[in-house]
Amino acid sequence: MRSGRGDDTLNRNTLQRRPMTIEELSGLPPGAVSHFRDEGIEALYPPQAEAVEVGALEGENLVAAVPTASGKTMIAALSMLSAVARGGKALYIVPLRALASEKQAEFEAYEEFGVTTGVTTGNYESTSDWLATKDIVVATSEKVDSLVRNGASWLSELTCVVSDEVHLIDDRNRGPTLEVTLAKLRRLNPGMQVVALSATVGNAGEIADWLDASLVDTDWRPIDLRMGVHYGNALNFDDGSTREVPVEGTEKQEAALVRDILQEGGSSLVFVNSRRNAEAAARRLGGVSSHELAEDERTDLADLAAEIRDDSDTETSTDLADCVERGSAFHHAGLSATQRSLVEDAFRDRLLKVISATPTLAAGVNTPARRVVVRDWRRFDPSAGGMAPLDVLEIHQMMGRAGRPGLDPYGEAVLLAKSHDESQELFDRYVWADPEAVRSKLAAEPALRTHVLATIASGFARTREGLLEFLEATLYASQSSEAGRLERVTDDVLAYLERNDFIERAPSGGSDRSSEPPREREGAEGGDDATSAFTAAADLADDAGTDEELEATSLGHTVSRLYLDPMSAAEIVHGLEGADERPTALGLYQLISRTPDMYELYLRSGEDETFGELYYERERELLGDAPSEFEESRFEDWLAALKTGKLLEDWADETDEETITERYKIGPGDLRGKVDTAEWLLGAAESLAREIDSEWTVAVREARARVEHGVGEELLELVSVSGVGRKRARRLYEAGIEVPADLRTADKGVVLGVLKGEKTATNILENAGREDPSMDGVEPIDPGTGTVTDTSDTSGVEPESSGKPDESDESQSSLGDF
DNA sequence: GGAAACAGGGTTTAGACAGCATGTC
DNA sequence: CTAAACCCTGTTTCC
């Protein structure tokens, strides 16, 4: 830990001053100060005061590198509110969708004094025009990137942009997006204030230089954080103090630590390195927490467990619910979004006593605990050939979750050691260590592939020189020691894009290519303001007329707007163009599953054989050229994509959630994620098919509709009725109701017998447009037997009229039956 | 004879953004 | 190049 950095004079001065009260702040909208006072905020934390001193309220650029839960959001809020008070508009960029909702909930309160907030993520969108009227917009970095690509007009009205967790620029996959997006927003709005919020990192100064910003860099926290290592029966802290925490009998260290703090009324968070470990630890720790529960807590926990079981019918859910009943929970990306927030909320409400989590939790929404136990500090990393130690930054993020402001006297973060040597190593490696520096990953080819295309397509650069000049404004350029590397990779990428018909090069000098009219205006939703602003930005970049011109093709524009990795687009286009007959659903599912935009499903041992067989069985359905069986790794990728494709086909064949999660050994959250990505990619594939005039557009649309609703072809019409999902649609179909129109004429008794519940049935009939949807006095008819409880009208009901044999019992039993 | 305990080898391993147009059981 | 938990299987042990 970096205590007392001597070079930070500002910091030292501020800490010794009397606290700055919120009444001293000027430049905020009327009513803001009293709002904060009502919230119980009287004085600013020292880092916040420091931010104000360097001009946060006057539109000055600022990098705040401070620990989690030290009031970073307040720094952002003050900057944004003062920008709004000056008549401006602010954007708050977050790394996760869950954080977007968290921030919105926080900023919504500003409506009280007339400052409005809107959110936009891939999931949820307040319409674009509506966003233009909001004072503050919250969005994920990818969404902002997409808005830039699509030319949202209000972006050029921004006067303040906040980038939360800016250290994620270091992330190989998603960092470059944030980096490029910030550079574009700055070019678009030269006078705009930039506020970057970061965890404490090794090179905050470098980031500040890049953004022309003042730096607030401090370790200050509102509650003390003690870091320590537990070894044997003792817990040794960084301040030299020691606490006896005996490990009894066969119990694990973490169990002793959780029990110890629970007896003082404190909850804990245990970080482990795999999902399975998280689940196993949660089960074991349930034994600890269940001893310390009050009667009313048991009742509440039982309710929570019921909610969890209700959300999804899978083994993961059952296991989680069983743990929750005992006051313990696990948390990882295999959980559904609902389950995750149920667990997080219950933990914040102190109902759950302990969560065992993978690192997801450290990066996500705020879930502070009295004690944080970091059990595993190494994680499997194929690139390292085995277990690799976690970054200091990552461990510090986990440890930073310790201590709940206002509830705990202090927070404790504990690492576990099994030997004296390991204890020493942990102190050196993590407790006393500074976090790593943030390094830009922009020069990686996959990142450049997509951003170079987008930069050209949205008019930020029109020549190779202009492109390189734009890239000069990124963090990568300011960090790069290896001159020419970026240029070299850029040239490779340009060649790739040209080869795949995404861009065209032409000699400059205003040659009039009538075949391909300029497309800058494409997709500019907000009219001329946006277009002119974007064009101006491009003009700024292009000074030379000597260079050859770069222009996105029509296809290139589409790819950029669809937010696809060009390589994914190329794969899809190639696959569709090569199809001689109508592609099957499986063919399309495998196609999108092998694009880099689909997260890979891992091929387990023995599965290469299973899927090899499936491959030979259904080889003809697959699109494009299969790699030879002798190219081992490429063939394995092909089979892994087939596995993912098969999962999607199972889903679209109405296999139930439980069977799929068990068959592919995944959690409900993973299944939802796969389906979601497939839906997006097939939507994009449909646009591409239209763009290249493919004759298979309809096949793609149908395959997309089938994953979206998880139903067979014959149910697609039924699920378009609001309130009818995959299960209800199948039951209706089997009762002879095959299309929405049938709902308008069908016997009400049959409908009620199928749908169970008068309210649902009435509702659905109403949505189908039935004139008299009321179910008053209707007796349900059992769809299985066709027998009536009371009435005698059974005409027109054919229970087994399905075009698709009842699959439910078969799919239950046929494990591994691919 | 059969169930329970144990040993040894094999297997597995974190995370989740985006288009578009609206809503499961 | 570095680990550890869990599962499955086969064996031993104990009643």
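Each chain gets a letter, A, B and so on, in the order its sequence line appears, and its residues count up from 1.
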Pick base, sugar-phosphate or nothing for Arg172(A), based on heavy-atom distances below 4.0 Å to the nucleic acid. nothing
Contact check, side chains of Pro566(A) and Thr450(A), non-hydrogen atoms, under 4.5 Å: yes
Which residues in residues 270-282 of chain A have at least one heavy atom lying under 4.0 Å from any atom of DNA chain C? Arg276(A), Asn277(A), Ala280(A)
So if I take every side-chain heavy atom of Lys143(A) and compare against dT24(B), dG19(B), dA16(B), which nucleotide ends up nearest? dG19(B)
Which part of the nucleic acid does Gly673(A) contact within heavy-atom distance under 4.0 Å: base, sugar-phosphate only, or nothing? nothing
OP1 or OP2 of dC17(B) less than 4.0 angstrom from a side-chain nitrogen or oxygen of Arg97(A), does that happen here? yes
Dot-bracket for DNA chain B, 5' to 3', counting Watson-Crick or G-U wobble pairs under 3.5 Å, with [ ] for crossing pairs and | for inter-strand pairs? |||||||||||||............
Give Gly723(A) one of three labels, base, sugar-phosphate or nothing, depending on what nucleic acid heavy atoms sit under 4.0 Å from its own. sugar-phosphate
Is the shortest side-chain N/O distance from Ser146(A) to OP1 or OP2 of dA18(B) below 4.0 Å? no
Please tell me whether Thr661(A) and Glu315(A) have a donor and an acceptor in their side chains that are separated by less than 3.5 angstrom. no
So that I can tick it off, tell me whether Asp391(A) and Arg379(A) are bridged by a salt bridge, with the cut-off set at under 4.0 angstrom between side-chain N and carboxylate O. no
Can Arg275(A) be said to sit on top of Phe330(A)'s aromatic six-ring, NZ or CZ under 6.0 Å from centre and within 45° of the ring axis? no
